[in-house]
Amino acid sequence: MRLVFEQAHRRFPHSRGAPYRSGNLMLHGWHISRIPTAIDNQMSDKTRSASAPVVRFAPSPTGFLHIGGARTALFNWLYAKGRGGTLLLRIEDTDHERNSTEAVAAIIDGLKWLELDWHGEPVSQFAQVHRHCAVADELLKDGHAYRCYLTPAELDQMRKTAEAEKRPLAIRSPWRDRDPKEAPADAPYVIRLKTPGEGETIIDDKVQGRVVFPNKDLDDFIIVRSDGNPTYNLAVVVDDHDMGVTHVIRGVDHLTNAARQLQVYKAMDWDVPVFAHVPLIHGPDGAKLSKRHGALGIEAYREMGFLPSALRNHLVRLGWSHGNDEIISTGQMIDWFDFDAIGRSPGRFDFAKLEDLNGHYIKSADDLELMQRLEDILPYVENGAEILERLDANTRAKLMAAIPSLRERAKTLKELLEGARYLFAERPIALDDKAAKLLDGADARKRLSALLPKLEAITSWEAPRLEETVRAFAEIEGAKLGKVAQPLRAALTGRSVSPPVFDVMAVLGREEALARIRDQAN
RNA sequence: GCCCCGUUCGUCUAGUGGCCUAGGACGCCGGCCUCUCACGCCGGUAACAGGGGUUCGACUCCCCUACGGGGCGCCA
């Protein structure tokens, strides 16, 4: 399938006049499709109410879905869901050299895991080159753009001069007003947009407010490269327009692009979408997210044992608020989310808070869902393979039975699994240092021996009955419950920490529990 | 360097001129509960970057400075 995608890229060389492409691409089981034609749009327009927003999430497939992208996707999704709108997914793959099909798969996988759905098939921006070029030609024809024959060396010189004079570089090519007939034959050229040069470009941003850019600072940016490929700033505008996008919600790093893109909208006389540029997310130290810290792929969070609901909750609270609400269900998010409550300053990703949130969601999750998620991450966690090996009908039932007591003390699925290890341990179970110490005292093992017959006499092996028995025993012994319960815990789990011992015994089952106690009694 | 944006407890934030001796959450510290660990509960620590204005009154409005961030590609 990957081949198909690569082939398609090859089939449409980056030169003018490549054949128009139709049909869809398949990749990792996902269709990457063309933007529907105008006729298709008319059809789907009927199903959309006039006021319902159309938003899009447009990641570039240069890597995995990172946390900032995930939040952008979430904001778009929430905005659409809350208003009966549509979320579209477009892969910005025009820079074929830096793209990878693995990245597309990772992004799609990440979105699916986060449970963010979109409408239709993901769209490949690259598949639209011809349309982008057609628009560029139109711009050229109408005099809104021009061919520029400036060489890299000349550009470099301009840059240096600007720097020396300490003024910003705003390229206004001499070719802007030159007669095209003077153009050197066969020389490579780029197509630049003829921008106003004077006045102001105003972005009325839903988050950033009214942002004014002096046009003198906006240069005649390139819309088509010398190899005939359209650039990003042209492609987004054309695609957003063709896809009927009404609201562009993306990171602030695109704010200055919005000013440039606005020039394209104006030149084409197209409706301008509503812009909302949301602040970025920083790493724990306040610095920009980098690969070293913070900028993990979304799948890393899954492997750390976080629930998508918890991640969504944390993500939405980063930069957006609804009064003092902290734990916000997806339904509430959808109802409440709007631009006016988005702040303008960047937030930091806080693992401690995510863990706390995750703990809440683990507590309230459905047993079956939890079980499923647990099994899902088994391949990725330490000792997971071991557990996976021993997971059969019997152990699965035990795990299921233990979940209520385990979930209370776990902040992540990983911790939950860690707490469940006693279920999978094989006799004689190994004691950790603290557990060994609990059984070290002169009385501990003796007590276990004395307790054994009482436990063996129990007919209904259930937590309340077990507790009753042990408590009565402790009383007769004149010992505090802890003096009996702790050695018991050590014998049953090999550790000093576990869910309540009576629950442990119940979950383990009569035979296994008694056998473990016998192993440690003298 | 130039352009744009920001700055409330350690962190995420509430706050839209008087309700603020600034509230919540996470974290941290203490206590209670207790068979361990958690949970839960109670209590504590801790912030309006600095300086000028405007106003009867500024966390809230304006200006400057400092600091932080983003952008300034034939990347997206």
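Everything numeric here is computed off the predicted structure, so don't read it as measured data. Each chain gets a letter, A, B and so on, in the order the sequences are listed, and its residues count up from 1. Computation of the quantities below employed the complete heavy-atom set of this structure, encompassing side-chain atoms and omitting hydrogens, waters and symmetry-equivalent molecules.
The partner of B:U34 is absent, by the rule that a Watson-Crick or G-U pair needs both atom distances under 3.5 Å.
Side-chain atoms of A:Asn257 come within donor-acceptor range of the base of B:A76, with a qualifying N/O pair under 3.5 Å. With hydrogens and angles ignored, a donor-acceptor pair under 3.5 angstrom links the side chain of A:Ser226 to the base of B:C74.
Mapping A:Leu481 and A:Pro214 onto RNA chain B via the closest heavy atom, the residue that lands nearer the 5' end is A:Pro214. Nearest-nucleotide positions on RNA chain B place A:Val211 closer to the 5' end than the other of A:Val211 and A:Ser60.
In terms of the salt bridge (charged side-chain N to carboxylate O under 4.0 Å, His left out) criterion, residue partners of A:Glu92 (sequence neighbours excluded) are, by chain and number, A:Arg90. A:His254 pairs by the ring-ring contact (aromatic ring centres under 6.0 Å, His included) definition with A:Tyr232, not counting sequence neighbours. Under the side-chain contact (heavy atoms from CB on, under 4.5 Å) criterion, A:Glu475 pairs with no residue at all, not counting sequence neighbours. Take A:Asp220 and apply the salt bridge (charged side-chain N to carboxylate O under 4.0 Å, His left out) test, not counting sequence neighbours, and it matches A:Arg172, A:Arg176. Residues passing the side-chain contact (heavy atoms from CB on, under 4.5 Å) test with A:Glu326 are A:Arg317, A:Lys353, sequence neighbours excluded. Looking at residues two or more places apart in sequence or on another chain, you find a salt bridge (charged side-chain N to carboxylate O under 4.0 Å, His left out) between A:Asp367 and A:Arg407.
We find that CG of A:Asn313 is positioned 12 Å from P of B:C26, with the value rounded to whole Å. Rounded to whole angstrom, the span from the CZ atom of A:Phe473 across to the C1' atom of B:C35 amounts to 14 Å. Per the geometry, CZ belonging to A:Arg409 stands 9 Å off C1' belonging to B:U36, to the nearest Å. If you measure from atom NZ of A:Lys434 to atom C1' of B:C35, you get 16 Å, rounded to the nearest angstrom. For the pair A:Asn229 CG and B:G73 C1', the computed distance is 15 Å after rounding to whole Å. Regarding A:Asp219, its CG atom lies at a distance of 12 Å from the C1' atom of B:G71, rounded to whole Å. In this structure, CG of A:Asn358 is placed 14 Å from P of B:C39, rounded to the nearest angstrom. Rounded to whole angstrom, the span from the CG atom of A:Asp220 across to the C1' atom of B:C74 amounts to 14 Å.
Look at the P atom in both B:U13 and B:A46: the space between them is 23 Å, to the nearest Å. Nucleotides B:C48 and B:U21 are separated by 14 Å at their P atoms, to the nearest Å. The gap from the P atom of B:G31 to that of B:U36 amounts to 16 Å, rounded to the nearest Å. For B:G10 and B:C2, the P atoms lie 33 Å apart once the distance is rounded to whole Å. Spacing of P atoms, B:G71 relative to B:U65, comes out at 24 Å, to the nearest Å. Using atom P as the reference point in both B:C20 and B:C59, the two lie 13 Å apart (nearest Å). For the C1' atoms, the distance linking B:G69 with B:G30 amounts to 38 Å, nearest Å. For the P atoms, the distance from B:C4 to B:C63 is 12 Å, rounded to whole Å.
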I'd like to compare against my own output: the B/S/- annotation of nucleotides 6-16 of chain B with a strict under-4.0 Å heavy-atom distance to protein. SS---SBSS--

Determine whether A:Phe337 and A:Trp320 satisfy the following criterion, ring pair (Phe, Tyr, Trp, His ring centres under 6.0 Å), listing intermediate values before the conclusion. CA-CA 8 Å; A:Phe337 184 81; A:Trp320 175 83; 5.7 Å; yes

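Within the structure, side chain to side chain donor-acceptor pair (under 3.5 Å) pairs that include any residue of residues 433-445 of chain A comprise A:Arg445-A:Gln520 (at least two apart or interchain). Note on residues 478-495 of chain A: pairs passing salt bridge (charged side-chain N to carboxylate O under 4.0 Å, His left out), not counting sequence neighbours, are A:Glu418-A:Arg495.
Side-chain atoms of A:Pro500 lie closest to B:C35 of the nucleotides B:C3, B:C74, B:C35.
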All N/O pairs under 3.5 Å across the protein-nucleotides 44-50 of chain B interface:
none

Identify each atom pair where a protein N or O and an N or O of nucleotides 61-66 of chain B are less than 3.5 Å apart, giving names and distance.
none

Expected rows: protein N/O vs nucleotides 28-32 of chain B N/O, under 3.5 Å:
none

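Note on A:Arg495: every side-chain N or O is 4.0 Å or more away from OP1 and OP2 of B:C37. One finds no side-chain N or O of A:Ser498 lying less than 4.0 angstrom from the OP1 or OP2 phosphate oxygen of B:C37.
Ring orientation note: the planes of A:Phe275 and A:His277 are close to parallel, at an angle under 30° on the 30°/60° scale.
A donor-acceptor contact under 3.5 angstrom links the side chains of A:Thr201 and A:Gln263, judged on distance only.
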